[in-house]
Protein chains: 2
Amino acid sequence: MPGATEQKIIDAAVRLFASQGYDATSVQEIVTAAEVTKGALYHYFRAKDDLLFEIYRLLITSQSADMDRIIGLGLSSSETVREILCSLVVSTAERVDETAVFVRELHRLGEDRMTEFRAERRRYHETFLAVIEKGQADGSFSSSVPADTVVRIAVGVVNQLPMWYRPDGPKPPPVLAGEIADFVLAGLSA
Amino acid sequence: MPGATEQKIIDAAVRLFASQGYDATSVQEIVTAAEVTKGALYHYFRAKDDLLFEIYRLLITSQSADMDRIIGLGLSSSETVREILCSLVVSTAERVDETAVFVRELHRLGEDRMTEFRAERRRYHETFLAVIEKGQADGSFSSSVPADTVVRIAVGVVNQLPMWYRPDGPKPPPVLAGEIADFVLAGLSA
DNA sequence: GTAGGCATACCGACCGGTCGGTAGGGTGGC
DNA sequence: GCCACCCTACCGACCGGTCGGTATGCCTAC
């Protein structure tokens with residue numbers, strides 16, 4: 001639960017990292033945008049990297065929670081896939097900046113944190129994979145395309161969303177989410 | 001047609017940018033890796049950004065040429081889509097480093113070059129879009145999902161390829177390309 | 001000789017991080 | 001009631017080091 005100052009710093013960092021990149025954003029720019037001082041920033045964060053890691057942590061935590069919640073509902077395979085995709089697309093659209101930073105600056109994570117992150121992502125992938133494989137096993141889905149490739153495609157689209165999605169674009173997020181879910185489900189029922 | 005020195009510099013830059021990022025790579029690192037000196041680099045390139053732009057230019061040029069060539073073959077809609085996707089996936093796999101740099105560091109392009117680049121990308125998108133819309137119009141494809149969303153999905157997967165594709169992975173590029181094409185075509189025939 | 005193709009030494013700007021210090025609220029002894 | 005003490009939150013000048021870029025000149029080919 002971050003306090004007000006901490007939150008202001010993170011918000012400013014996300015905005016600046018998303019528009020300029022991590023390295024191209026100086027700590028001074030962040031504190032100026034957040035209307036605090038360098039002292040305040042280094043009081044709450046040990047280093048600039050900590051900001052990145054915190055942004056990732058918040059994003060991953062919320063996405064994992066979303067998926068677990070949906071699976072817990074006990075819907076049919078295709079309804080589960082639809083719900084996962086829709087919630088993923090909508091929540092990503094709500095947090096384009098965080099996602100853009102995440103996709104672009106992932107490689108700057110240090111060794112330890114990278115390992116930690118990879119484990120979390122692997123868990124996410126395998127949970128999703130299991131849902132699709134279950135559907136293929138019980139005949140809800142076609143097996144003509146391997147489940148892992150389907151997961152790659154689905155996650156790929158979402159991660160690329162920041163490249164083209166604009167909040168003031170013609171299609172509101174729920175519509176977009178529906179279209180994407182329709183397409184993936186169509187591919188799964190070939 | 002770059003000369004030998006120029007090519008060595010670009011190759012080194014691509015490799016380093018892909019593994020560390022643009023800002024995190026110093027000009028000194030590039031020239032050391034390329035076994036040339038700073039004088040040589042600044043003899044051929046006016047600034048560090050020029051390296052980025054050159055990398056993009058080479059990538060986009062070759063991809064556009066690929067698509068134009070395939071469309072020129074005059075195949076059926078679904079064969080055309082399959083060929084475009086396969087060649088895109090295979091050529092992207094061949095140039096993962098370039099693609100990784102492209103996806104991650106695009107935002108560093110200056111105003112002018114960004115405009116130039118956007119025009120080129122728009123042309124690419126619209127050409128691809130036209131192929132799908134033609135297929136939808138003549139009944140080869142279903143119209144249940146809008147063509148622009150399909151293009152977004154297809155391009156999204158390819159751009160995310162550097163995130164997970166490894167040359168020594170279990171699936172060689174042509175197999176992967178086939179699976180992705182199968183999936184997209186399945187979604188288009190729902 | 002002279003023009004392109006480099007090498008080397010160097011510059012000024014800037015950056016992440018530090019550090020000595022302060023403001024102000026809480027707390028315990030008397 | 002109040003003072004001494006401390007602790008958290010925060011300030012901002014400053015430092016060592018690095019980086020992109022330049023100035024200058026050598027050296028080989030023509």
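Predicted, not measured: the structure shown is a model, and the values here were computed from it. In what follows, every chain begins at residue 1, and chains take the letters A, B, ... in the order their sequences are listed.
Taking only distance into account, the side chain of A/Lys48 never meets the base of C/dG17 through a donor-acceptor pair shorter than 3.5 Å.
Rounded to whole Å, the distance from CZ on B/Arg108 to C1' on D/dC19 is 14 Å. Nucleotide C/dG16 holds its C1' atom 16 Å from the CZ atom of A/Phe45, rounded to whole Å. Between the CD1 atom of B/Ile9 and the C1' atom of C/dG5 there is a distance of 11 Å, rounded to whole Å. Atoms CD (A/Gln28) and C1' (C/dT18) sit 14 Å apart, rounded to a whole Å. Between the P atom of C/dG17 and the CG atom of A/Asp50 lies a distance of 9 Å, rounded to the nearest Å. We find that CD of A/Glu35 is positioned 16 Å from C1' of D/dC10, with the value rounded to whole Å. Whole-Å rounding puts the A/Asp49 CG to C/dC15 C1' distance at 14 Å. When the C1' atom of D/dG20 is taken as reference, atom CG of A/Asp23 falls 14 Å away, rounded to whole Å.
Remark: aromatic rings of B/Phe117 and B/Phe102 are close, center separation under 6.0 Å.
Here CD of B/Glu179 is found 3.5 Å from NZ of B/Lys171. Values are rounded to the nearest 0.5 Å.
Within the 4.0 Å cut-off from OP1 or OP2 of D/dC11, not a single side-chain nitrogen or oxygen of A/Tyr42 is found. Between A/Thr5 and D/dA9 there is no side-chain polar atom (N or O) within less than 4.0 angstrom of OP1 or OP2.
Of the candidate nucleotides D/dC10, D/dG20, C/dG16, D/dC10 has the atom nearest to the side chain of A/Ala40. Of the listed nucleotides (D/dG20, C/dC6, D/dT8), C/dC6 has the atom at the smallest distance from the side chain of B/Tyr44. Side-chain proximity of B/Ala47 to the nucleotides D/dC14, D/dG21, C/dA7 is greatest for D/dG21. Side chain of A/His43, nearest nucleotide from D/dC10, C/dC6, C/dT8: D/dC10. Nearest nucleotide to the side chain of A/Lys38, out of D/dC14, D/dC19, C/dC6: D/dC14.
Contact annotation for B/Thr37: base contact, defined as any heavy-atom pair under 4.0 Å involving a base atom.
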- Which letter, B, S or -, goes with each nucleotide of nucleotides 24-30 of chain D from 5' to 3', with contact meaning a protein heavy atom under 4.0 Å? -------
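Taking the nucleotide of DNA chain C with the nearest heavy atom to each of A/Val27 and A/Gly39, the more 5' of the two is matched to A/Val27.
Across B/Ala147 and B/Gln136, no two heavy atoms sit closer than the pair CB-OE1, 3.7 Å.
B/Ser62 and B/Arg95 are linked by a side-chain donor-acceptor pair at a separation below 3.5 angstrom, with hydrogens and angles left out of the test.
Note on A/Phe53: it does not cluster hydrophobically with A/Leu51, by side-chain heavy-atom contacts below 4.5 Å among ILVMFWY residues.
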- Evaluate the side-chain contact (heavy atoms from CB on, under 4.5 Å) criterion for residues A/Leu109 and A/Glu116: first the C-alpha distance (whole Å), next the side-chain angles of each, then the deciding distance (0.1 Å), finally the verdict. CA-CA 10 Å; A/Leu109 242 51; A/Glu116 185 182 338; over 6 Å; no
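Residues B/Arg104 and B/Phe17 have side chains not in contact (no heavy-atom distance under 4.5 Å, counting atoms from C-beta outward).
Under a 4.5 Å side-chain heavy-atom criterion applied to ILVMFWY residues, the cluster that includes B/Val175 comprises that residue alone.
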